[in-house]
Amino acid sequence: VIEAAVRGVSQAQAEDLDVVDVDQLEKVLPQL
Amino acid sequence: KDGLLSEEEFNLWNRLYRLGDSDTVKGVALPRSHFLSLQEDRVAQEPTTGIHQLSLSEWSVWQDHPLPTHQVEHSDRCHHFISIMQMIEGMRHEEDECSYELKIKPFLQMEDVY
Amino acid sequence: QYSHRQRLKAAVHYTVGCLCQEVELDKQVHLSKQTIAAISEVTFRQCENFAKDLEMFARHAKRSTITTDDVKLLSRRSNSLLKYITEKNEEITQ
């Protein structure tokens with residue numbers, strides 16, 4: 001859970017966003 | 001007999017399949033995965049010229065349903081991934097309220113959490 | 001059986017929400033409800049896969065009880081995760 005959340009945050013930050021939405025989670029899902 | 005390629009097989013491989021210096025793509029690599037949440041010592045990986053970094057997410061548009069197979073079935077992990085992708089697609093345009101939460105909340109009992 | 005499964009799912013969802021809240025506070029980034037729902041579903045399904053694996057590991061060792069050794073086997077593919085799980089196990093044992 002923590003890993004998924006942290007990866008989602010990392011992706012959002014890479015996109016310069018302050019919200020993690022499913023769009024960001026989708027991108028980290030394959031590697032997760 | 002020793003489990004290695006015979007001379008004939010080696011020549012075939014060398015001619016048809018081997019990637020080398022003359023090829024634009026000299027090899028393929030899957031990006032190394034590591035835990036962000038565990039304190040890991042990571043060596044920064046420089047992408048090597050000519051080594052094509054494979055993408056796990058490039059084809060995600062097609063990964064929302066099981067594609068046809070031949071002789072073997074999709075794995076549990078594959079079905080798992082597909083179902084989450086489908087779930088995400090279903091929730092993509094939700095605003096404020098989350099349908100999953102609304103559906104599951106009536107079943108919440110704190111003694112299960114404890 | 002359906003109701004029991006949904007209760008477990010709800011408990012997982014609630015707990016996932018709490019854990020995500022910790023990450024939000026730590027990273028100062030908000031996670032949408034849909035993100036939390038997706039993480040919850042990933043977790044629940046993964047637990048089902050873990051349960052099948054754990055049963056098989058225990059059965060392979062001719063045991064009828066799943067032990068921490070079986071859990072460690074689950075994490076074998078990642079050195080860092082295996083190390084983490086082993087350390088946590090030792091903490092709990094102490």
Side-chain angles (χ1 to χ4, degrees), chain B residues 29-45 54 56-57 60-66 72-114, chain C residues 1-27 29-56 74-88:
Chain B
L30 205 60
R32 290 280 302 275
S33 188
H34 67 286
F35 279 91
L36 292 182
S37 60
L38 299 178
Q39 303 302 331
E40 266 191 28
D41 296 324
R42 272 201 77 222
V43 180
Q45 276 184 308
L54 297 174
L56 287 175
S57 53
S60 15
V61 175
W62 282 268
Q63 288 169 342
D64 63 352
H65 64 282
V72 295
E73 290 177 16
H74 290 292
S75 66
D76 285 345
R77 194 191 297 259
C78 180
H79 284 300
H80 179 175
F81 180 80
I82 289 167
S83 71
I84 302 297
M85 293 295 273
Q86 286 174 342
M87 181 194 179
I88 286 175
E89 190 53 43
M91 290 192 299
R92 201 186 296 279
H93 303 292
E94 282 181 6
E95 285 175 15
D96 302 321
E97 283 310 319
C98 174
S99 55
Y100 183 90
E101 188 181 322
L102 289 173
K103 213 173 66 157
I104 209 71
K105 222 164 186 173
F107 291 93
L108 177 65
Q109 300 201 20
M110 288 313 288
E111 60 253 39
D112 296 331
V113 174
Y114 300 139
Chain C
Q1 212 173 22
Y2 170 79
S3 178
H4 179 67
R5 196 166 184 272
Q6 296 304 96
R7 274 178 59 171
L8 285 176
K9 238 190 198 188
V12 167
H13 183 241
Y14 175 87
T15 312
V16 165
C18 295
L19 289 168
C20 285
Q21 210 172 37
E22 284 181 27
V23 173
E24 280 181 318
L25 290 170
D26 185 44
K27 304 283 180 184
V29 177
H30 177 66
L31 273 68
S32 72
K33 285 186 183 181
Q34 287 75 19
T35 302
I36 292 169
I39 294 175
S40 180
E41 185 67 14
V42 166
T43 306
F44 192 80
R45 282 178 170 269
Q46 194 60 26
C47 283
E48 288 181 311
N49 287 341
F50 285 156
K52 284 186 214 165
D53 284 347
L54 289 167
E55 273 187 359
M56 282 186 69
L74 267 186
S75 59
R76 68 199 179 286
R77 298 210 185 277
S78 160
N79 287 333
S80 55
L81 184 62
L82 177 58
K83 185 164 164 268
Y84 182 83
I85 295 281
T86 306
E87 282 171 4
K88 284 291 164 193

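Residue numbers start from 1 in every chain, and the chains themselves are labelled A, B, ... in the order their sequence lines are given, proteins ahead of strands. Keep in mind that the numbers below use all heavy atoms, side chains included, and drop hydrogens, waters and symmetry copies. Everything numeric in this text was worked out from a predicted model, so none of it was measured.
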### Reported CD1-to-CG distance for the pair B/Ile104 and C/Leu8, which is rounded to 0.5 angstrom
9.5 Å

### Residue part contacting chain B, namely of C/Lys83, when any heavy atom lies under 4.5 Å
neither

### Summary
Bottom line for C/Phe44: the part with an atom under 4.5 Å from chain B's heavy atoms is neither

#### Entry: Interface residues of residues 77-84 of chain B facing chain C - non-hydrogen atoms under 4.5 Å apart
B/His80, B/Ser83, B/Ile84

#### Entry: Residues C/Arg45, B/Asp76: salt bridge by 4.0 Å N-O rule
no

### Task
Answer whether the closest heavy-atom distance between the side chains of C/Arg5 and B/Phe107 falls below 4.5 Å.
no

### Task
Give me the contact list for residues 15-25 of chain C versus chain B, heavy atoms only, anything under 4.5 Å, ordered by residue number.
C/Thr15

### Task
Nearest 0.5 Å please: distance from the CG atom of C/Asn49 over to the OG atom of B/Ser75.
9.0 Å

### Query
Hey, what do you get for OG (C/Ser78) to CZ (B/Phe35), rounding to the nearest 0.5 Å?
4.5 Å

### Query
What part of C/Ser3 is in contact with chain B, defined as an atom under 4.5 angstrom from a non-hydrogen atom: side chain, backbone, both or neither?
both

### Message
Checking C/Lys33 against B/Tyr100 for the side-chain contact (heavy atoms from CB on, under 4.5 Å) test, could you report, in this order, the C-alpha distance in whole Å, the side-chain angles of both residues, the deciding distance, and whether it holds?
### Response
CA-CA 9 Å; C/Lys33 285 186 183 181; B/Tyr100 183 90; over 6 Å; no

### Message
Return the CD to NE2 distance between C/Gln34 and B/His93, rounded to the nearest 0.5 Å.
### Response
11.5 Å

### Query
Does any pair with a residue in residues 105-114 of chain B pass side chain to side chain donor-acceptor pair (under 3.5 Å), and if so which ones, sequence neighbours excluded?
B/Glu101-B/Lys105, B/Asp112-C/Arg7

#### Entry: Residue C/Glu48 versus chain B: region with a heavy atom under 4.5 Å
neither

### Message
With a 6.0 Å cut-off (strictly less than), is the heavy-atom count around CZ of C/Arg77, excluding the residue itself, greater than 12?
### Response
no

### Query
Considering heavy atoms only, which positions within residues 85-92 of chain B lie below 4.5 Å of chain C?
B/Met87, B/Ile88, B/Met91

